[in-house]
Amino acid sequence: MAETTETDERVALPVINLERALEAILMIADDPQSLVSLATSLGAPVPAVRQSVERLVADYDGVDGGVQRGFELREVGGGWRIYVRGEYDEVVRDFVLTQNPTKLSQAALETLAVIAYKQPISRGAIASIRAVNVDSVVRTLLGRGLITEAFTDGETGAIHYATTEVLLSQLGINSIEELPKVSPLLDDGSEGFDDAR
Amino acid sequence: MAETTETDERVALPVINLERALEAILMIADDPQSLVSLATSLGAPVPAVRQSVERLVADYDGVDGGVQRGFELREVGGGWRIYVRGEYDEVVRDFVLTQNPTKLSQAALETLAVIAYKQPISRGAIASIRAVNVDSVVRTLLGRGLITEAFTDGETGAIHYATTEVLLSQLGINSIEELPKVSPLLDDGSEGFDDAR
Amino acid sequence: MLTASSPGNWSTVAQSPSEAEAPHALQPEAGGNEAAGFSVSLSNFNGPFDLLLSLIAKHEMDITEISLSVVTGEFIAYLKELESVEELDKATEFLVVAATLLDLKVAGLLPQGELVDAEDVALLEARDLLFARLLQYRAFKEVCAWFAGSLEIESRRHVRQVRLEEKYRRQTPELVWTLSADDFAALAAVALAPRELPVVGLDHLHAPLVSIREQAALVVSLLRHGAPVTFRQLIAGVDQKGVVVARFIAILELYRGAVVAFEQLEPLGELTIRWTAGHWSEESLASLGADYDG
């Protein structure tokens with residue numbers, strides 16, 4: 001979109017599709033996006049992006065007799081992000097309640113145990129130990145504050161997870177070193193095999 | 001919403017707001033939501049939820065002359081989720097830190113196909129169809145969460161593998177029935193040999 | 001299970017029988033051409049079926065009686081190149097297929113008898129089974145393209161997957177935590193235990209396992225300071241076959257180490273074992289039976 005040699009089509013694009021491209025980005029962006037960063041990635045001028053954002057806000061609010069959506073576009077902390085519209089808090093809370101039982105599932109507990117003993121550990125490494133996809137479980141644990149993103153590997157971009165103080169206090173210990181040892185299994189599995197019987 | 005003693009306000013709710021409430025939930029759901037789970041948290045009958053979902057799909061698609069949104073509502077992996085509309089995938093690429101997993105090898109794909117069509121199936125049975133040892137490939141697939149250990153045969157101790165919802169999601173389908181039909185040979189080998197073409 | 005219904009089964013799947021019968025399929029391509037055109041490394045092939053399919057594809061033909069001979073020749077020629085030790089393991093996977101193909105080729109070369117004897121039927125069955133498995137394999141291979149395509153397309157799709165807004169997160173019900181640190185450790189032990197190793201399960205063949213070393217230690221303690229003992233006495237009261245076998249192997253091992261000697265007056269007669277070792281240390285026991293480990 002950097003080139004300006006194109007014809008009519010080009011002129012039409014920013015007007016018609018900018019809003020759609022914006023809402024595409026906003027649907028998947030986790031953090032509030034500044035106008036500048038939106039403009040940069042769309043290759044569009046900031047004023048045009050500002051206008052489009054304003055039109056989207058009005059669109060979702062149903063200003064011109066349209067539908068008022070169950071979500072809204074809000075500016076928070078210097079950026080724009082899609083949030084649930086306030087009127088639907090109740091509905092969403094009910095949903096969250098049914099999705100978050102007061103007890104962790106067995107799968108979540110086992111994943112937490114793997115992270116506790118192997119931290120810091122990437123999601124891929126957890127998955128290969130657990131032999132299942134752990135994405136949603138990791139999100140649950142993050143949401144519960146039991147684990148946190150320790151660091152991101154510079155090369156692979158893989159996020160590594162570690163346990164938090166919340167877990168320590170739940171377990172009634174002061175540091176992760178106080179966890180009971182579960183070796184020799186932890187070494188690499190090849191040791192202690194002879195004694196297994 | 002099960003009670004019927006309420007007044008006007010209540011009556012209007014299911015009709016007008018179900019779609020908006022759905023919209024709100026879809027904004028925060030991070031797993032595919034089945035109609036049943038949506039209906040449960042909304043306290044609404046499944047058929048009503050189904051209709052609302054269909055109307056939302058049409059709405060976002062701009063079917064009735066409305067705007068075609070930059071996002072869409074798709075049923076994948078046995079449930080509904082908000083996706084960026086295909087045309088805008090390119091635009092949003094910079095905004096997601098998806099670590100695209102490395103592609104599966106040809107051997108892994110073939111093994112996956114065998115498991116998908118023949119599940120539940122033991123490693124030995126897979127090996128005899130592919131005429132090669134499949135141990136490491138099966139481990140890869142387990143690690144990716146694409147297959148899971150369905151059960152262990154009580155007599156032989158052989159673990160039988162089946163595909164997961166993760167696979168369905170990654171294939172963009174909702175059930176294993178949506179896999180393309182392959183030659184009737186695959187049913188059990190004894191039938192349809194003559195009709196193979 | 002697929003059995004031979006008729007020898008013509010394969011040709012119902014054949015795309016163009018006329019081409020398969022064409023003379024060029026018969027001629028083993030001119031020597032030079034073959035050598036140059038068919039130099040492959042094992043890594044290109046996933047297995048014997050893969051190789052077979054590619055050979056068939058290379059000749060753009062289906063396997064009929066005639067072309068089978070050509071393909072068999074090349075298949076065997078290819079196998080001959082798999083001699084290095086590291087490839088030996090993989091090569092074994094090809095052997096069954098190679099043997100079947102050879103059988104079929106030989107049958108094709110021999111004059112056809114009028115009568116169908118049991119061997120012919122067996123051969124037909126073998127061929128149909130091979131073809132059926134090849135067909136099945138081809139079907140899976142073909143559908144792979146769909147899997148690869150779908151995975152590729154879907155990997156480019158983006159789904160809304162965002163952190164739960166803080167206000168909802170705060171409203172999630174308080175976690176009910178009941179695990180002690182020890183419970184948690186036990187859970188970790190389960191979760192981290194090495195997954196069952198991918199080996200052919202033999203456990204059902206000889207369970208429970210008996211240690212030859214333990215049996216040897218027992219035999220030593222019985223013999224070392226006493227009079228010769230018969231094998232019957234040594235296994236008195238043992239009702240597990242595995243233990244008897246292990247104890248016998250232990251004695252053989254001790255014999256090999258020149259620790260004991262046998263006496264048997266007649267075949268299948270009473271076996272008497274006596275202690276002969278001048279010196280004996282517990283270390284000798286440690287290395288005993290090592291051949292049977294692993």
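Just so it is clear: chains get the letters A, B, ... in the order the sequence lines come, proteins before strands, and each one is counted from 1. Quick caveat: nothing in here was measured; it's all calculated off a predicted structure.
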S.K.: Quick one: closest heavy-atom pair of C:Ala181 and A:Ile173, and the distance?
M.R.: CB-CG2, 4.3 Å
S.K.: Between A:Ala24 and chain C, with a heavy-atom cut-off of 4.5 Å, which part of the residue counts as in contact: side chain, backbone, both or neither?
M.R.: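 Contact with chain C is absent: no heavy atom of A:Ala24 under 4.5 Å.
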S.K.: When heavy-atom pairs shorter than 4.5 Å are enumerated against chain C, which of A:Lys103, A:Arg81, A:Glu178 gives the highest number?
M.R.: A:Arg81
S.K.: Side chain, backbone, both or neither: which part of A:Asp89 has a non-hydrogen atom closer than 4.5 Å to chain C?
M.R.: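 The answer is both parts of A:Asp89.
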S.K.: Please flag which part of A:Leu179 lies under 4.5 Å from any non-hydrogen atom of chain C: side chain, backbone, both or neither.
M.R.: side chain
S.K.: Spell out, as yes or no, whether a donor-acceptor pair under 3.5 Å connects the side chain of A:Gln119 to the backbone of A:Thr163.
M.R.: yes
S.K.: May I ask you to decide if the ring planes of C:Trp177 and C:Phe184 are parallel, tilted or perpendicular, using 30° and 60° as cut-offs?
M.R.: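 It falls in the tilted class, 30° to 60°.
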S.K.: Take C:Lys141 and C:Phe49 through the side chain to side chain contact (heavy atoms under 4.5 Å, CB included) test and state the conclusion after the steps.
M.R.: CA-CA 10 Å; C:Lys141 211 173 161 59; C:Phe49 291 165; over 6 Å; no
S.K.: Which one, A:Leu97, A:Leu142, A:Thr111, A:Val84, leads in non-hydrogen pairs under 4.5 Å with chain C?
M.R.: A:Val84
S.K.: For the residue pair C:Phe262 and C:Tyr255, categorise the inter-ring angle as parallel (less than 30°), tilted (30 to 60°) or perpendicular (more than 60°).
M.R.: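 If you compare the ring of C:Phe262 with that of C:Tyr255, the planes turn out parallel.
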S.K.: Could you have a look at C:Ala186, C:Ser180, C:Ala185 and say which one has the most heavy-atom pairs with chain A under 4.5 angstrom?
M.R.: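 Of C:Ala186, C:Ser180, C:Ala185, C:Ala185 has the most heavy-atom pairs under 4.5 Å with chain A.
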S.K.: With the threshold set at 4.0 Å, does a side-chain nitrogen-carboxylate oxygen contact exist between A:Arg85 and A:Asp61?
M.R.: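 Counted as a salt bridge, because a side-chain N and a carboxylate O are separated by less than 4.0 Å.
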S.K.: Could you tell me which portion of A:Leu26 (side chain, backbone, both or neither) has an atom closer than 4.5 angstrom to a non-hydrogen atom of chain C?
M.R.: backbone
